[in-house]
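Residues take their numbers from the sequence shown, with the count starting at 1.
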Amino acid sequence: MRLTLLIAVLVVPFSIALAASSDSEAPPTSAQNCPEGKIWDQGSQSCQAAQDSRFDDDQRFEAARALAFAGRYDDALAVLATAQAPDHPRMLSYTGFALRKSGDAQGAMAHYRRALAIDPDYNLARAYLGQALIDQGDVEGAKQQLAEIRDRGGRDTWAYASLKQALRAKSGY
């Protein structure tokens, strides 16, 4: 029992930080070293243009996520700009995340709000919005987003856990 508790105390905060930028718990795969506007194609084992028709939006999203995870926010934004469905809440939320991390807090907030206007139950957008609010000093606004996530059935999600962790740390992801 003690060992399980110790593992949870040591692993959970790190796992939350890794997952805060994704729909999934798993950290992203490598961003490879593709130049701007290109993403890794497993089939050809080479970098290809992100707008290439062989890539679907799931692949573009994962590539952008890996780029952002590597700190390449402008490259992630270039990939997200090639999405076939750029107004999908997931794409809008992640564009907001990359904008926020690259220093455009106002652009990020607009993207989070657009995502939530389309799908008010998209809790990952609420978590990102909450993290942005923390960064702007609006802790009460972030707490409201945490309550919204909880009230929308997201208490046992990474969105809830990551925003709760950000509130404890008083810092967005």
Side-chain angles (χ1 to χ4, degrees), residues 11-105 107-116 118-119 121-135 145 149 154 156-166 169 171-173:
V11 173
V12 168
F14 180 69
S15 298
I16 290 169
L18 289 177
S21 61
S22 171
D23 284 6
S24 74
E25 299 174 24
T29 57
S30 169
Q32 299 294 335
N33 286 320
C34 296
E36 182 179 343
K38 294 192 174 196
I39 59 178
W40 186 252
D41 176 39
Q42 281 296 113
S44 69
Q45 292 289 297
S46 64
C47 296
Q48 300 295 323
Q51 70 270 20
D52 191 306
S53 63
R54 80 182 85 200
F55 299 116
D56 62 22
D57 277 359
D58 288 337
Q59 292 166 305
R60 288 181 179 99
F61 176 82
E62 288 303 323
R65 183 174 170 242
L67 288 164
F69 192 84
R72 295 174 57 189
Y73 305 114
D74 290 338
D75 292 340
L77 288 166
V79 170
L80 290 164
T82 68
Q84 295 168 349
D87 287 331
H88 187 283
R90 177 175 69 160
M91 294 301 192
L92 289 168
S93 297
Y94 213 74
T95 299
F97 176 82
L99 285 169
R100 179 168 57 99
K101 297 310 286 179
S102 65
D104 184 359
M109 296 299 270
H111 278 78
Y112 301 146
R113 285 183 169 45
R114 280 179 53 205
L116 291 169
I118 294 166
D119 182 358
D121 293 326
Y122 191 59
N123 287 331
L124 191 58
R126 291 193 179 282
Y128 288 154
L129 175 60
Q131 291 170 10
L133 291 169
I134 292 168
D135 288 344
Q145 291 305 314
I149 293 169
D156 294 325
T157 66
W158 284 103
Y160 185 88
S162 67
L163 181 52
K164 189 172 181 178
Q165 179 69 22
S171 173
Y173 174 80

**Q** Roughly how far apart are Lys38 NZ and Thr82 OG1, rounded to 0.5 Å?
**A**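 Between Lys38 NZ and Thr82 OG1, I get 13.0 Å after rounding to 0.5 Å.
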**Q** Enter the distance from Leu99:CG to Met109:CE here, rounded to the nearest 0.5 Å.
**A**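 With rounding to 0.5 Å, CG (Leu99) is 12.5 Å from CE (Met109).
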**Q** Evaluate the side-chain proximity of Leu116 to Arg126: yes if any heavy-atom separation is below 4.5 Å, no if none is.
**A**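 Arg126 reaches Leu116 side chain to side chain.
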**Q** Can you give me the closest heavy-atom contact between Ala85 and Met91, atom names plus distance?
**A**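 Looks like O-CG, 3.7 Å.
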**Q** If you compare all heavy atoms of Ser162 against all heavy atoms of Gln131, which two are closest, and at what distance to 0.1 Å?
**A**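 That closest heavy-atom pairing would be OG-NE2, 3.6 Å.
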**Q** Restricting to non-hydrogen atoms, name the atom on Ala68 and the atom on Phe97 that form the minimum distance, rounded to 0.1 Å.
**A**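 Between these two residues, the closest heavy atoms are CB-CE2, 4.2 Å.
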**Q** If you measure from the Lys or Arg side-chain nitrogens to the Asp or Glu carboxylate oxygens, is any gap between Arg90 and Asp58 under 4.0 Å?
**A**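 A salt bridge links Arg90 with Asp58.
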**Q** Please find the pair of heavy atoms, one from Gly96 and one from Ala108, that lie closest to each other, and give the distance.
**A**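 In this case the closest contact between Gly96 and Ala108 is O-CB, 3.1 Å.
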**Q** Could you tell me which residues satisfy salt bridge (Lys or Arg N to Asp or Glu O under 4.0 Å) with Asp52, sequence neighbours excluded, listed by chain and number?
**A**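 Here the qualifying residues are Arg54.
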**Q** At what distance, to the nearest 0.5 angstrom, does OG of Ser171 lie from CD1 of Ile134?
**A**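 That separation rounds to 7.5 Å.
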**Q** Can you tell me how far the CG atom of Leu124 sits from the CH2 atom of Trp158, to the nearest 0.5 Å?
**A**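 One finds 12.5 Å between CG of Leu124 and CH2 of Trp158.
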**Q** Do side-chain atoms of Asp57 reach the backbone of Gln84 as a donor and acceptor pair under 3.5 angstrom?
**A**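 Yes, Asp57 side chain to Gln84 backbone: donor-acceptor pair under 3.5 Å.
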**Q** How are the rings of Phe61 and Tyr94 set to each other: parallel, tilted or perpendicular (split at 30° and 60°)?
**A**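 It falls in the perpendicular class, over 60°.
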**Q** Give the C-alpha distance, both sets of side-chain angles, the deciding distance and a yes or no for side-chain contact (heavy atoms from CB on, under 4.5 Å) between Asp41 and Phe55.
**A** CA-CA 8 Å; Asp41 176 39; Phe55 299 116; 3.7 Å; yes
**Q** State, with a plain yes or no, whether a side-chain heavy atom of Gln45 is found less than 4.5 Å away from one of Trp40.
**A**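 Heavy-atom side-chain distance check passes, below 4.5 Å.
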**Q** Could you grab the distance from atom OG1 of Thr95 to atom CG of Leu80, nearest 0.5 Å is fine?
**A**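 Between Thr95 OG1 and Leu80 CG, I get 4.0 Å after rounding to 0.5 Å.
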**Q** Determine yes or no for a side-chain-to-main-chain donor-acceptor pair under 3.5 angstrom, with Asp56 supplying the side chain and Gln59 the backbone.
**A**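 Yes, the answer is positive, given that a donor and an acceptor are paired below the 3.5 Å cut-off.
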**Q** Among side-chain atoms of Arg100 and Tyr112, is any donor-acceptor pair under 3.5 angstrom?
**A**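 Side-chain D/A pair, Arg100 to Tyr112: present.
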**Q** Quick check: does any side chain N or O of Arg60 sit under 3.5 Å from a backbone N or O of Ala50, one acting as donor and the other as acceptor?
**A**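 Side chain of Arg60 to backbone of Ala50: a pair is present.
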**Q** Identify, with sequence neighbours excluded, every residue that meets salt bridge (Lys or Arg N to Asp or Glu O under 4.0 Å) alongside Asp87.
**A**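 For Asp87, the residues satisfying salt bridge (Lys or Arg N to Asp or Glu O under 4.0 Å) (neighbours in sequence not counted) are Arg114.
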**Q** Distance check, rounded to the nearest 0.5 Å: Tyr122 atom OH versus Leu92 atom CG?
**A**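 Answer for the OH-CG pair, Tyr122 versus Leu92, is 9.5 Å.
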**Q** Please find the pair of heavy atoms, one from Tyr73 and one from Ser102, that lie closest to each other, and give the distance.
**A**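 Answer, listing the atom of Tyr73 first, then Ser102: CB-CB, 3.9 Å.
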**Q** Check the pair Gln145, Leu163 against side-chain contact (heavy atoms from CB on, under 4.5 Å), reporting the backbone distance first and the verdict last.
**A** CA-CA 8 Å; Gln145 291 305 314; Leu163 181 52; 4.0 Å; yes
**Q** Using side-chain contact (heavy atoms from CB on, under 4.5 Å), reason through Leu129 and Arg113 one step at a time and then give a plain yes or no.
**A** CA-CA 8 Å; Leu129 175 60; Arg113 285 183 169 45; 3.2 Å; yes
**Q** Counting C-beta onward and ignoring hydrogens, is there a side-chain heavy-atom pair between Ile118 and Pro89 closer than 4.5 Å?
**A**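 Yes, close enough: below the 4.5 Å cut-off.
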**Q** Measure across Ala127 and Ile149 and return the closest heavy-atom pair with its distance rounded to 0.1 Å.
**A**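 Reported closest heavy-atom pair: N-CD1, 3.7 Å.
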